[in-house]
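Written out below as C-alpha cells is the structure these notes cover.
When a residue number appears, it is its place in the shown sequence, counting from 1.
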Amino acid sequence: MLASLFKKVWPLSLFLLLAFSGPSPKKIKLYLIGDSTMANKVKQTFPETGWGMPLTTFFDSTVVVDNRAQNGRSTRTFLAENRWQPVVDALQEGDYVFIQFGHNDEAENYPDRYTPPEDYRKNLIKFVTETQRKKASPVLLTPITRRKFDKEGRQQETHVAYSRVTSEVAQQYKVPLIDLDKMSRELVQQFGAENSKLLYLQLAPGDHPNYPYGREDNTHFSELGARKIAQMAVNEIKTQHLPLAERIAKPLPKNAVPPTKGKDAQPTTP
C-alpha cells in the first residue's frame, strides 16, 4: 500500500519541486581585458599575483571568468595585437567585460605602448560600444594606484589624467565605473608607508627562489594585495546593484554561521 501511495505522490512532489525552484540561471562569461595588474601569472613569477586571479573565487558556478589581460599592454597595443577582436567575436548576450587600462598607456618613456589621453579615450569608447552591440555589459575600471608616498606619509595620486578620462567615458556612455584608483589609494593609505609593502611585490633577498636578489615593486601585487583589490571590485558590484551581484558565491553551510570559539573549537574539513 505504501509503495502504491509513493508511486502516486512522487510525480506530484517532483513537479512542485521543479515549479518552485525555477530554471537555473544561464551561464555567462566575465571577460577581463587590461594589463599586468589584472593578468594571470605563471608560477615562475610567484608571488606576483594579478587581481583577476582571485576574482574567480568570488562567483558561483554560473560565472566563468575569462582573463585576457596581458602584461605590458596599453589600449593601443591590446588592439594592435588583435587581442580584442576575439573577445568581441565570442561575446554572448548577458556576458560582462571588465576594462582596466592606463598603466602602460601613460608610459611616455615606452613609445611602443604609450597612448595619448585622447587616443586612450577613443579606445575605451571602442571597447564599450562594441561590447554593447553584442548585448553584453561593459564595466570601466580606473587604473590601480602605484605605491608612492610623499615625505608626510600621504599616498600620491599616480594616474590623474587616465583615471579622469576613464570616468568621463563611463559618464558619457552611462556604463558602470569601478574607481579602483581612488579605492586602492585609500587602501594603501590605510596600511601606511611601511605595511603597504605587504600589498605589493616587495621581497627581501632569499624570500623566494624566484627572486634570489629580492624585489622592490610598487606596481604589481602580492597575493594579499591582489585579493584586496578583487574584494573591492566585488564590493562595488554589490554596492552598485549590478545584476552580476546575484551570482556572487554563497558560503558553505558550515561557513554561514559564526565559528565556534574557545576550547571546543575544532578545525573544519572539506
Side-chain angles (χ1 to χ4, degrees), residues 30-41 45 47-58 65 67-75 77-78 96-107 110 113-115 117 120 123-124 127 138-150 154-170 175-193 195-202 215-237 239-240:
L30 167 54
Y31 290 92
L32 308 181
I33 65 169
D35 53 43
S36 57
T37 59
M38 177 191 264
N40 292 331
K41 307 296 176 180
T45 61
E48 181 182 342
T49 309
W51 72 267
M53 297 169 71
L55 184 68
T56 63
T57 66
F58 286 86
V65 177
N67 192 348
R68 303 291 181 98
Q70 289 288 323
N71 291 5
R73 268 57 181 191
S74 62
T75 56
T77 58
F78 200 86
Y96 280 79
V97 182
F98 277 20
I99 304 158
Q100 183 224 289
F101 288 93
H103 276 88
N104 298 299
D105 293 85
E106 69 184 1
Y110 289 97
R113 63 189 69 169
Y114 173 65
T115 312
Y120 175 74
N123 293 339
L124 289 185
F127 295 142
V139 177
L140 287 169
L141 303 95
T142 52
I144 299 157
T145 193
R146 292 185 172 91
R147 178 181 168 275
K148 185 179 181 182
F149 286 87
D150 64 16
R154 293 188 297 264
Q155 167 63 24
Q156 301 299 288
E157 191 171 356
T158 60
H159 303 297
V160 178
Y162 289 80
S163 288
R164 181 175 63 247
V165 170
T166 306
S167 300
E168 289 170 355
V169 172
V175 299
L177 174 76
I178 297 179
D179 194 353
L180 287 183
D181 186 357
K182 179 177 182 291
M183 290 186 289
S184 59
R185 276 186 280 120
E186 291 171 351
L187 175 69
V188 171
Q189 186 68 64
Q190 178 186 344
F191 269 67
N195 286 339
S196 60
K197 292 178 181 179
L198 297 172
L199 301 171
Y200 291 83
L201 189 61
Q202 297 269 351
R215 179 59 63 96
E216 187 173 334
D217 185 335
N218 292 310
T219 297
H220 301 100
F221 302 115
S222 65
E223 294 174 280
L224 173 63
R227 179 168 56 80
K228 289 290 188 182
I229 298 298
Q231 285 175 329
M232 291 192 299
V234 171
N235 286 339
E236 274 299 290
I237 289 169
T239 298
Q240 296 187 32

Checklist entry - Could you state the interatomic distance from CE (M183) to CG (N235), rounded to the nearest 0.5 Å? => result 8.5 Å

Checklist entry - To the nearest 0.5 Å, how far apart are CG in D181 and CD in E157? => result 5.5 Å

Item to check | Minimum side-chain heavy-atom gap L199-L224 below 4.5 Å | outcome: yes

Checklist entry - How are the rings of W51 and F98 set to each other: parallel, tilted or perpendicular (split at 30° and 60°)? => result tilted

Item to check | T77 (side chain) donor-acceptor with R73 (main chain) under 3.5 angstrom | outcome: no

Next on the checklist: Just so I know, are the side chains of F78 and D35 near enough to count as touching, which here means a heavy-atom distance under 4.5 Å?
Outcome noted: no

Item to check | Side-chain heavy-atom pair S36, H103 within 4.5 angstrom cut-off | outcome: no

Checklist entry - Does the side chain of N104 come under 3.5 Å of the side chain of S74 through a donor N or O and an acceptor N or O? => result no

Next on the checklist: Once you measure the plane-to-plane angle for Y200 and F221, does it fall in the parallel (<30°), tilted (30-60°) or perpendicular (>60°) bin?
Outcome noted: tilted

Checklist entry - Looking only at heavy atoms, which two atoms of L177 and S167 are closest? And how far apart? => result CD2-OG, 3.5 Å

Item to check | Exercise: identify the closest heavy-atom pair between F58 and A230 | outcome: CE1-CB, 3.9 Å

Checklist outcome for this item: Between A193 and S196, the two heavy atoms sitting closest are O-OG, 3.3 Å

Item to check | CG on N123 to CG on D105, rounded to 0.5 Å | outcome: 7.5 Å

Checklist entry - Considering the options I33, T37, T142, which one meets the side-chain contact (heavy atoms from CB on, under 4.5 Å) requirement together with Q100? => result T37

Next on the checklist: For a quick test of reading the model, state the closest non-hydrogen atom pair linking T115 to Y162 and the distance between them.
Outcome noted: O-OH, 2.6 Å

Checklist outcome for this item: OG1 of T75 to CZ of R113, rounded to nearest 0.5 Å, is 12.5 Å

Next on the checklist: To the closest 0.5 Å, what do you measure between CD (E106) and OG (S163)?
Outcome noted: 8.0 Å

Checklist entry - Can you name the nearest heavy-atom pair linking F127 to F101, along with the distance? => result CE1-CE1, 3.8 Å

Checklist entry - Tell me, do N67 and L55 make a side-chain contact under 4.5 Å, heavy atoms counted? => result no

Item to check | Minimum heavy-atom distance P176-P138, with the two atoms named | outcome: CD-O, 3.5 Å

Next on the checklist: Between the side chains of K182 and E236, is the shortest nitrogen-to-carboxylate-oxygen separation below 4.0 Å, so that they form an ion pair?
Outcome noted: no

Next on the checklist: Quick check for you: to the nearest 0.5 Å, what is the distance between L187 atom CG and Q231 atom CD?
Outcome noted: 9.5 Å

Next on the checklist: Please identify which of these residues, Q156, Q189, Q155, meets the side chain to side chain donor-acceptor pair (under 3.5 Å) condition with T145.
Outcome noted: Q155

Next on the checklist: A side-chain contact here means heavy atoms from C-beta on lying under 4.5 Å apart; do Q202 and N218 qualify?
Outcome noted: yes

Checklist entry - Tell me, do H159 and R146 make a side-chain contact under 4.5 Å, heavy atoms counted? => result yes

Checklist entry - Can you list the steps and then say if I144 with M38 is a side chain to side chain contact (heavy atoms under 4.5 Å, CB included)? => result CA-CA 10 Å; I144 299 157; M38 177 191 264; over 6 Å; no

